[in-house]
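Everything on this sheet refers to the single structure shown next.
Basis for what follows: all heavy atoms, side chains included, without hydrogens, waters or symmetry-related copies.
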Amino acid sequence: MDWRRIGRLKMKETKEKTGSAGLVRKGVFIPAFVIMAIVVAIGFINNEGLAKGAKAFFGFSLGKFGWLYQLVAVVSVVVIAIVTCSKLGDMRIGGANAKPKYPFGTWFAMTLTGGIAVGIVNWGINEPLIYYGNVYGELDQLGIQAGTQEAARFALGRCFYNWTFVPYAMYAVSGLLIAYMYFNKKEKLSVISTLKPLFGKKTENPIFMNTVDTLCSLAITLGMASGLGTGLALLISGLNVVYKIPNNTFIWVLLGGIATLIFTSSAILGVDKGIRRLASLNSKIFYGLLIFLFITGPMAIILSNSVSGLGEWLNNFFIWGLDSGDVGGEALTRWWTLADWCSWIAYAPIMGIFLGKIAYGRTVREFMIINWVMPSLFGIVWFSVWGGTGLNWQMNGVVDMVGVIKESGATAGVWAFLQNLPLGLGIIIIPVVMITLMLSFSTAADSMTSTIASICTKGQNMEEEPPKSQKLIWGILIGSISIIMGAVAGGVRGIDGVKQLASVGGFLVLFVFLLQLIAFIKTFFVDLKKEKNGKKE
């Protein structure tokens with residue numbers, strides 16, 4: 001039996017039971033929509049008040065619960081590593097006879113570009129340079145002097161930590177658990193199904209179901225708005241640095257509207273027509289940029305710095321991983337690592353649905369290779385090539401990217417870097433990168449917009465696309481919030497508002513994800529073992 005037949009059978013069964021497939025789930029849609037509509041309205045009426053509220057919540061959530069974010073992140077890495085390397089990795093998602101839908105390369109392109117959005121393009125240069133230059137006080141509490149070889153080594157190591165195996169483990173936890181519960185245990189394709197190993201039939205309680213799905217919908221809406229806001233900030237800073245186009249509200253509204261139109265249109269087209277095509281094109285651009293820079297850049301220095309950065313990362317893994325702020329301080333730990341974990345956790349449960357949907361027919365180990373190992377290795381290579389080259393140029397006086405960041409904001413350094421590419425190729429590469437930014441966010445946003453719409457629709461099946469009206473509504477809300485927070489709450493870094501927005505989204509689902517993590521451990525280390533022993537007896 002293939003995945004299409006499974007989908008049709010599930011759809012038929014759902015419709016027979018409910019007779020309401022395709023209708024709006026009022027218990028999820030109405031509270032989520034009303035809350036987000038209120039946020040948008042407040043943003044238009046009193047945008048400064050919205051910005052202050054997000055800032056206050058940012059300080060509260062990360063100050064009081066930073067330890068929990070860190071603990072959840074480290075435990076995710078440990079359990080994912082065990083599953084990948086154990087006999088559990090041989091289990092096939094969907095059963096022994098399940099056949100994959102997507103070729104290996106296409107599958108990886110969809111998971112990679114659907115997960116990283118604009119982040120890796122933005123921070124591949126900017127983040128290591130910010131650490132290296134101690135731009136916002138990141139090194140103050142560590143006793144590392146800015147502009148030294150030690151600072152460069154720390155910069156790459158910290159980026160490896162923030163962008164590779166730790167965050168992708170969070171995605172893998174949600175994704176594998178959802179795939180297993182849906183395809184192997186024949187549960188519904190939803191976040192609530194992942195909690196069934198802990199709560200059993202209590203998860204079928206409508207209030208329980210609606211509460212969890214509403215929180216996840218709100219979290220991913222805020223997370224996507226934060227991602228779009230960061231992407232727009234990067235794009236607008238590029239237009240300002242490179243083409244001297246002023247950074248003002250009109251530009252934010254114009255570019256935000258264009259981005260919203262792109263990803264909403266792609267979402268309306270569906271996974272196969274929209275997301276798959278965008279992912280394929282976007283991944284090719286990523287690969288091309290990497291190869292070009294590696295060939296034209298200082299190869300020996302890139303390789304040397306990346307190895308040193310790996311050593312720094314591995315040597316400090318548990319110190320960084322269990323630091324809620326006492327070691328690294330607020331400027332480093334709270335504003336970077338913990339803020340990153342908020343974003344990844346905000347995405348994780350809903351991203352898990354997307355990753356689970358396209359994993360049918362693959363073994364658990366293949367799932368981990370595609371969704372944990374390969375994206376993490378890609379991140380190491382990306383930061384080694386882009387960040388390593390940028391640090392080398394900064395140290396050798398080729399271009400003062402630290403100065404540009406201090407003058408124009410946290411997203412500006414990459415444009416100064418691209419303007420100084422060999423052979424004057426910046427004039428060609430810069431527009432390509434700008435297009436990549438739009439495609440990169442759109443690839444992530446259209447998958448998430450479709451997933452939110454699915455959650456808000458009754459009887460939704462993997463085989464079906466959710467109503468176009470739902471996709472349109474959530475696309476507009478995401479775009480509106482990102483424009484408001486980006487345009488009026490940039491702060492000292494230029495992206496303070498969107499980082500604070502992500503913290504709200506992450507906190508909304510922190511405890512849902514914690515329950516998912518516990519359910520993951522119970523399912524794969526306790527329940528499966530009991531089932532295996534029961535069959536032997």
Side-chain angles (χ1 to χ4, degrees), residues 58 62 118-164 167 226 229-231 233-238 240-241 305-306 309 312-313 316 320 323 325 327-343 379 382-420 490-500 502:
F58 178 85
L62 298 188
V118 301
I120 204 166
V121 179
N122 180 21
W123 301 119
I125 289 290
N126 291 315
E127 189 167 335
L129 267 296
I130 288 171
Y131 296 154
Y132 175 78
N134 194 30
V135 176
Y136 305 110
E138 287 81 3
L139 303 180
D140 287 350
Q141 199 159 314
L142 300 177
I144 299 174
Q145 185 177 350
T148 62
Q149 187 63 46
E150 183 183 8
R153 185 173 64 249
F154 169 83
L156 280 182
R158 192 74 178 198
C159 289
F160 292 158
Y161 182 80
N162 289 351
W163 283 95
T164 60
S226 174
T230 301
L234 176 58
L235 187 57
I236 290 169
S237 71
N240 180 252
V241 171
N305 288 343
S306 63
E312 184 79 10
W313 166 46
N316 291 283
W320 295 349
D323 171 30
V327 177
E330 180 179 341
L332 175 66
T333 304
R334 182 179 297 182
W335 274 97
W336 291 102
T337 301
L338 291 180
D340 286 349
W341 292 175
C342 284
S343 295
W382 184 275
F383 277 92
S384 295
V385 174
W386 284 74
T389 303
L391 288 167
N392 177 257
W393 287 4
Q394 179 73 36
M395 296 169 75
N396 288 285
V398 176
V399 56
D400 182 16
M401 286 165 282
V402 171
V404 172
I405 291 171
K406 288 180 178 179
E407 181 179 347
S408 302
T411 60
V414 65
W415 305 111
F417 173 83
L418 293 173
Q419 283 180 305
N420 287 271
V492 66
R493 296 166 182 79
I495 52 164
D496 290 4
V498 293
K499 272 184 173 271
Q500 292 156 358

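- Smallest separation of non-hydrogen atoms from Val241 and Ala412: CG2-CB, 4.1 Å.
- Under the ring pair (Phe, Tyr, Trp, His ring centres under 6.0 Å) criterion, the residue pairs touching residues 394-419 are Trp386-Phe417, Trp393-Phe417, with sequence neighbours excluded.
- Using a 30° and 60° split on the angle between ring planes, Trp335 and Phe58 fall in the tilted class, from 30° to 60°.
- Listed by chain and number, the residues in a side-chain contact (heavy atoms from CB on, under 4.5 Å) with Gln149 are Ala152, Asn305, Met395 (sequence neighbours excluded).
- By the side-chain hydrogen bond (donor to acceptor under 3.5 Å, both in side chains) test, Tyr161 pairs with no residue at all, sequence neighbours left out.
- In this structure Thr333 satisfies the side-chain contact (heavy atoms from CB on, under 4.5 Å) test together with Gln70, Arg158, Asp323, Leu338, sequence neighbours excluded.
- Aromatic ring centroids of Trp123 and Trp336 lie under 6.0 Å apart.
- Within the model, atoms CG of Leu418 and CD1 of Ile125 stand 7.0 Å from one another, a figure rounded to the nearest 0.5 Å.
- Contact detail for Asn420 and Val398: the closest heavy-atom pair is OD1-O, 4.2 Å.
- With sequence neighbours left out, the side-chain hydrogen bond (donor to acceptor under 3.5 Å, both in side chains) criterion links Ser384 to no other residue.
- When the salt bridge (charged side-chain N to carboxylate O under 4.0 Å, His left out) test is applied to Glu312, the partners found at least two apart in sequence or on another chain are Arg153.
- Aromatic rings from Trp320 and Phe154 are positioned such that their centres are separated by under 6.0 Å.
- Scanning both residues, Leu142 and Val327, for their nearest heavy atoms gives CD2-O, 3.6 Å.
- In this structure, the separation between CD on Glu138 and CD1 on Ile144 is 11.5 Å, given to the nearest 0.5 Å.
- Residues that satisfy the side-chain hydrogen bond (donor to acceptor under 3.5 Å, both in side chains) test with Asp400, not counting sequence neighbours, are Gln394.
- For Asn240, there are no side-chain hydrogen bond (donor to acceptor under 3.5 Å, both in side chains) partners at least two apart in sequence or on another chain.
- In plain terms, the two heavy atoms of Leu62 and Ala339 that are nearest each other are CD1-N, 4.1 Å.
- Nearest heavy atoms, Val414 versus Asn126: N-OD1, 3.0 Å.
- When the side-chain contact (heavy atoms from CB on, under 4.5 Å) test is applied to Pro128, the partners found at least two apart in sequence or on another chain are Ala155, Cys159, Phe383, Leu391.
- To the nearest 0.5 Å, atom NZ of residue Lys406 and atom CG of residue Asn134 are 8.0 Å apart.
- When side chains are defined from C-beta on, Leu332 does not count as touching Gln141, because their heavy atoms never get closer than 4.5 Å.
- A pairwise comparison of heavy atoms in Asn392 and Asn396 identifies O-ND2, 2.8 Å as the closest pair.
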